[in-house]
Amino acid sequence: MRPETNFEKVPIDRVAVEERVGRLNKRSIKKESKVQALKLALSMVDLTTLEGKDSEGKVRQLCQKAKSPHPSMPDIPSVAAVCVYPNMVRIAKESLRGTNINVASVASAFPSGMAPLPIRIEDTKYAVEEGADEVDMVITRGAFLEGEYNFVFDEIAAIKEACGDAHLKVILETGELHTFENVRLASDIAMEAGADFIKTSTGKISPAATQPVTLVMLEAIRDFYYKTDKMVGMKPAGGIRTAKQALQYLVLVKETLGAAWLNNEYFRFGASSLANDLLMQIVKQQTGHYQGPDYFSID
Amino acid sequence: MSERIEVQKTYKTYVGGSFPRSESGHYYKVFDSEGDFLANACRCTRKDFRDAVLAARAAFSGWSSRTSYNKGQILYRIAEMMENRRDQFVKELGQIGFSKEEADADINASIDRLIYYAGWTDKYLQVFGSVNPVASSHFNFSILEPTGVVSVLAPEASPLLGLVSVISPIIAGGNTCIVHASEQYPLPAISFAEVLNSSDVPGGVVNIITGIRSELVEHFSSHMDVNSILYTDELDKETKTKIDELASNNIKRVVKKNISDWYEEDSANPYFIVDFQETKTTWHPVGF
């Protein structure tokens, strides 16, 4: 049911957000703690392939990589999940059988969300029936920007219901929301409507995830936790390519939400090339030599 | 009116087409031939080198796919720009003990060297590529392709001519490079970077960093995304062994030259280009 509260915009101080991000980015994480953080970040990756040209072979290959990111170093953790389109869920599920890696599926007319609600619900149900453990949906930004907040709330709630036991990640597509106030409001609506995770972007729109936007969303999660005692997860997605960026995100999480969120149940990176950079940095820490992409898998 | 104070140039590094300071914020002092303080040069660290490798790698595909003709034009353009800045180089070489005549000769030879390799850009492929005789109905070609990203320990004692002589053949062949400038005389290298920057050389093709060589050699040799390393000075046995061992981790091509006189005729030759090329041989069925 829709909550009694009216959705109200929380004012956000843009300068302060950017300042805080800038300050937290100065944290220096070295040696053992760096290795630990790199491995933690790797275990939080949703290895993603969302392209029109995706094939069974590509998905199988990605699943293999998810299980064993760098075969010559067996002590490296596997990633959290593999994220694919609904018609690839069955393949991914089959390839990941016997592991604790989840299959996430984008659903509900990803990436635009521009389809009638019944079709989006069908799309979601299909993904879940195929075996998806997690569903990544995208909100209707047009309706949101028109101020139709109840419409957005209802669509999220409806898709949450269609998910059944599968976890729901709600993509706000922050690159199209224009202001931090909108990001904050969309986060609040998504959490009230039952999101298990809130996620920045589809990866199809630029800008995708940025640290200031992530901080705004983390603060929304924190305030929601104070209000309801419910822990909602966070997933920045798109544009996170380097290990350095990943560590900066971990600092934001730790400083805003605390250590309880620093695991892959509550924090994920939606990325495809990030995993390789994390691996290169881990190997760099172990060997002392800078690594090159020639010695790591292509995707 | 108070007396005018001269505006001094800050010598920085040249990475990815811009002039950043060392990430470390560290400097070392550079002295003139009299032992007087001349300038502070960036004391680059492994992180500056790492950034330079990223820039060189990013520039590689674009530079290597330029036509030979275009690479030749750009090398020629470097020479033109250098001619234009003769006075600056004369001054900087003078500070480290070159007489006016010696400095002019050094600059002339540097410019001529650029022209020399500019001429080779569209010729070495013909001279060193081949059509090979084979005993089956195939055409069999061998063609040269650039090795990739090259790290260079520039000649310590020849801060301009030596520098130009090692950079030119590497970029003429379509490679990109990270160069450690002469440790004792780094200033002409940074001025040469200004020439490169105004010569249509895409950013990242040549990256020049300064600093203490003994601190950087390990990283120049070990980086897994560097495909080749060049040095032309006589190094001690320990350093040579270290370079060889670290380079072997990704089978870097180690190119050692022992050149002390850069005026010597043999110090510029097309084999210097071929040192940074890989041979690709193709079998192509003969058609009817």
Side-chain angles (χ1 to χ4, degrees), chain A residues 21-35 37-39 41-42 65 69-76 206 239-248 251 271-299, chain B residues 15-16 23-25 44-61 64 145-151 175-178 180 204 207 209 211 214-229 242-254 278:
Chain A
V21 167
R23 202 157 53 240
L24 291 178
N25 280 349
K26 293 209 178 75
R27 289 286 163 85
S28 161
I29 300 169
K30 301 283 179 201
K31 306 269 157 75
E32 295 84 27
S33 38
K34 182 168 185 185
V35 174
L38 290 168
K39 288 185 177 174
L42 188 62
K65 173 154 186 179
H70 195 52
S72 60
M73 295 177 81
D75 62 322
I76 283 178
S206 184
I240 306 167
R241 293 194 182 83
T242 66
K244 188 172 182 176
Q245 286 173 303
L247 298 189
Q248 289 170 339
V251 172
S272 40
S273 54
L274 172 64
N276 268 10
D277 200 54
L278 288 166
L279 290 170
M280 283 198 268
Q281 300 310 319
I282 292 170
V283 177
K284 152 78 176 69
Q285 292 297 319
Q286 294 191 349
T287 62
H289 303 149
Y290 285 111
Q291 299 298 305
D294 288 354
Y295 302 92
F296 294 82
S297 62
I298 290 171
D299 281 309
Chain B
V15 174
E23 191 253 11
S24 65
C44 291
T45 65
R46 61 189 170 84
K47 293 191 177 179
D48 299 302
F49 175 67
R50 172 200 64 189
D51 293 346
V53 173
L54 284 178
R57 176 57 67 193
F60 177 72
S61 73
S64 58
E145 292 183 345
T147 297
V149 173
V150 183
S151 63
N175 302 283
T176 58
C177 57
I178 306 100
H180 180 240
N207 304 278
I209 62 176
S214 58
E215 296 173 353
L216 290 165
V217 164
E218 180 188 339
H219 305 288
F220 270 65
S221 327
S222 69
H223 198 305
M224 297 291 276
D225 205 21
V226 172
N227 306 107
S228 179
I229 177 167
K242 186 158 93 175
I243 291 174
D244 284 346
E245 281 179 2
L246 290 171
S248 72
N249 285 330
N250 68 335
I251 344 175
K252 264 183 211 71
R253 188 177 284 279
V254 181
E278 307 300 322

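Heavy atoms only: backbone and side chains are in, while hydrogens, waters and symmetry mates are out. Computed from a predicted model, the values in this text were never measured in an experiment. Letters A, B, ... are given to chains in the order of the sequence lines, protein chains preceding strands, and every chain is numbered from 1.
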Using side-chain heavy atoms (C-beta onward) and a distance below 4.5 Å, is A:Tyr295 in contact with B:Asn250? yes

Looking only at A:His289, A:Met280, A:Lys284, most heavy-atom pairs under 4.5 Å shared with chain B are made by A:His289

Cut-off 4.5 Å, heavy atoms of chain A, and the answer for B:Asn249 is side chain

Looking only at heavy atoms, the pair that brings B:Met224 and A:Gly292 closest together is CB-N, 3.3 Å

So CZ of B:Arg50 and CD of A:Gln291: to nearest 0.5 Å the spacing works out to 13.5 Å

